Amino acid sequence: MPELPEVETIRKQLSEQLIDAEIVDVEVRVPKIFVGPTSSPTTLGVNHILDGEVIAKISRVGKYLFIHFSSGRGLAIHLKMTGRLVIDVHTYATVPHTRVVITFKNKRKIYYWDTRMFGYLHVESNIAEAEGIVKAKLGPEPWVIDDSEFLRRLQKTGRTIKDAILDQSLLAGVGNIYASDGLWLAGIDPRRKANTLKLSEVKKLRMSLCTVLERGLATGGASDNSYVDAYGKRGAYQNEFLVYGRTGEPCRKCGRELKYLKIGGRGSWVCENCQK
DNA sequence: GACAACCTGACC
DNA sequence: GGTCAGGTTGTC
């Protein structure tokens, strides 16, 4: 599900609600999702490994979330395709696919819900260090990468530009929705080889990616499929997709039919008139 | 760099 | 029955 705007929305909401909250226990319904500090799954049932931990800060790198405890320990979280983190939406206690429940001393609860179970919560003994390792592995986010650095990175690969911007080690935070929409806004064909882009096109692409990510943030994210925010509410970016998922619908610039393509195994949408 | 794998569910 | 799905990792 979630790309940078969705994960950032959740990060903000968790921060608003749960700074200084103290954990009393963690209910593990699927052990492989709540992973212990030795990188091994925990056991089924109530787990006391985080008892007494107090949330000091919640940060995000790309699509990863880091819950920092005042002890220096923490949780590294990735929601992958269908992960949700919701606060106090108590219907989640009994609904199918709730995998982990964290309970706080003030009676509040975080439910981790995930149909496909690709996501995880990793217990980290040093969360700052864990965050640093992820940060080092990932590329910069679109609003901080330098245009010439972006160009340099794109010139090193023979892949399509679509594949390249989805590569988190090249550029962090962009997923299939914002990649598809950003390429359309920049007027660049997703099938182009990344190393054929000129500096002027790279600049335009970076700006366009920033624009669509900011639009995603402003609308509370894309709830085309299963995404909901930390309050269980849907975003609205799906109502203004530029091309994502709009097979056969008219291009918002020229009115021509948008085409569906498969690039690097992922769905892609393109206006062959506007994207070159 | 291509492709399968990790899973479940929705849709044709 | 088959294909597709917002992501990442590990294999050839």
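The sequence lines fix the lettering, A, B, ..., with proteins before strands; numbering per chain opens at 1. All values derive from a computational prediction rather than experimental measurement.
A straight line from CZ of Arg116(A) to P of dC4(C) spans 13 Å, rounded to a whole angstrom. Atoms CG (Leu261(A)) and C1' (dC4(C)) sit 16 Å apart, rounded to a whole Å. Counting to the nearest Å, the P atom of dG9(B) and the NZ atom of Lys80(A) are 19 Å from each other. Atom CG in Leu166(A) sits roughly 12 Å away from atom P in dA5(C) (whole-Å rounding). Separating the CZ atom of Phe241(A) from the P atom of dA5(C) is a distance of 13 Å, rounded to the nearest angstrom. Between Asp163(A) atom CG and dG7(C) atom P there is a gap of 13 Å when expressed in whole angstrom units. dT8(B) atom C1' lies 11 Å from atom NZ of Lys32(A), rounded to whole Å. Atom pair Asp167(A):CG and dT9(C):C1' shows a separation of 12 Å (rounding to whole Å applied).
With hydrogens and angles left out, the side-chain atoms of Tyr92(A) and His97(A) include no donor and acceptor closer than 3.5 Å. Using a 3.5 Å distance cut-off with no hydrogens or angles, the side chains of Tyr231(A) and Gln17(A) do pair a donor with an acceptor. A donor and an acceptor atom, one from each side chain of Glu131(A) and Ser59(A), are located under 3.5 Å apart.
Contact annotation for Tyr178(A): no contact, since no heavy-atom pair falls under 4.0 Å across all strands. Heavy atoms of Gly158(A) sit under 4.0 angstrom from primed sugar atoms or phosphate atoms, though from no base atom. Contacts of Tyr260(A) with the nucleic acid, taken as non-hydrogen atoms under 4.0 Å apart, involve only primed sugar atoms and P, OP1 or OP2. When heavy atoms are screened at a 4.0 angstrom cut-off, Asp224(A) is found touching base atoms of the nucleic acid. Residue-level contact check: Gly119(A) touches neither bases nor backbone, having no heavy atom under 4.0 Å from any strand.
Under 4.0 angstrom from either OP1 or OP2 of dT9(C) there lies no side-chain N or O belonging to His78(A). At least one side-chain nitrogen or oxygen of Lys63(A) sits closer than 4.0 Å to the OP1 or OP2 atom of dT8(C). Applying the 4.0 Å criterion to OP1 and OP2 of dT9(C), one finds that Lys137(A) has a side-chain N or O inside that range. Between dG7(C) and Arg266(A), a contact under 4.0 Å exists linking OP1 or OP2 to a side-chain N or O. For the pair Gln168(A) and dT8(C), the criterion of a side-chain N or O lying under 4.0 Å from OP1 or OP2 is met.
Comparing dG10(C) with dC7(B), their P atoms are spaced 15 Å from each other, to the whole Å. Taking atom C1' in both dA5(C) and dG1(B), the straight-line distance is 23 Å, to the nearest Å. dC6(B) and dG1(C) have their C1' atoms separated by 23 Å, with the value rounded to a whole Å.
Residues satisfying the side-chain hydrogen bond (donor to acceptor under 3.5 Å, both in side chains) criterion with Thr211(A), sequence neighbours excluded, are absent altogether.
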Grab the N/O contacts between the protein and nucleotides 1-3 of chain C below 3.5 Å, and write none if there aren't any.
none

Q | Steps toward salt bridge (charged side-chain N to carboxylate O under 4.0 Å, His left out) verdict (Asp181(A), Arg215(A)) | A | CA-CA 11 Å; Asp181(A) 279 8; Arg215(A) 198 59 209 148; over 6 Å; no
Q | Glu8(A) vs Arg11(A), salt bridge (charged side-chain N to carboxylate O under 4.0 Å, His left out): CA-CA, chis, key distance, verdict | A | CA-CA 5 Å; Glu8(A) 176 61 16; Arg11(A) 186 201 67 76; 2.9 Å; yes
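In this structure, Phe118(A) forms no aromatic stack with the base of dC7(B), since the conditions of centre separation below 5.5 Å and plane angle below 30° are not both met.
Of the two residues contacting DNA chain C, namely Tyr64(A) and Ser223(A), the nearest-nucleotide position lying further toward the 5' end is that of Ser223(A).
Searching all strands for a Watson-Crick or G-U wobble partner of dT3(C) with both distances below 3.5 Å returns dA10(B).
Each of Val228(A), Thr82(A), Leu79(A) was scored for a side chain to side chain contact (heavy atoms under 4.5 Å, CB included) with Pro2(A), with one residue passing: Leu79(A). Shown are Trp184(A), Phe241(A), Tyr237(A); of these, the ring-ring contact (aromatic ring centres under 6.0 Å, His included) with Tyr178(A) is made only by Tyr237(A).
Around the NZ atom of Lys156(A), the shell of radius 6.0 Å holds no more than 12 heavy atoms that belong to other residues, nucleotides or ligands.
Side chain of Thr115(A), nearest nucleotide from dG9(B), dA5(C), dG1(B): dG9(B). Across dG1(B), dC7(B), dT8(C), the shortest atom-to-atom separation from the side chain of Thr157(A) is found for dG1(B).
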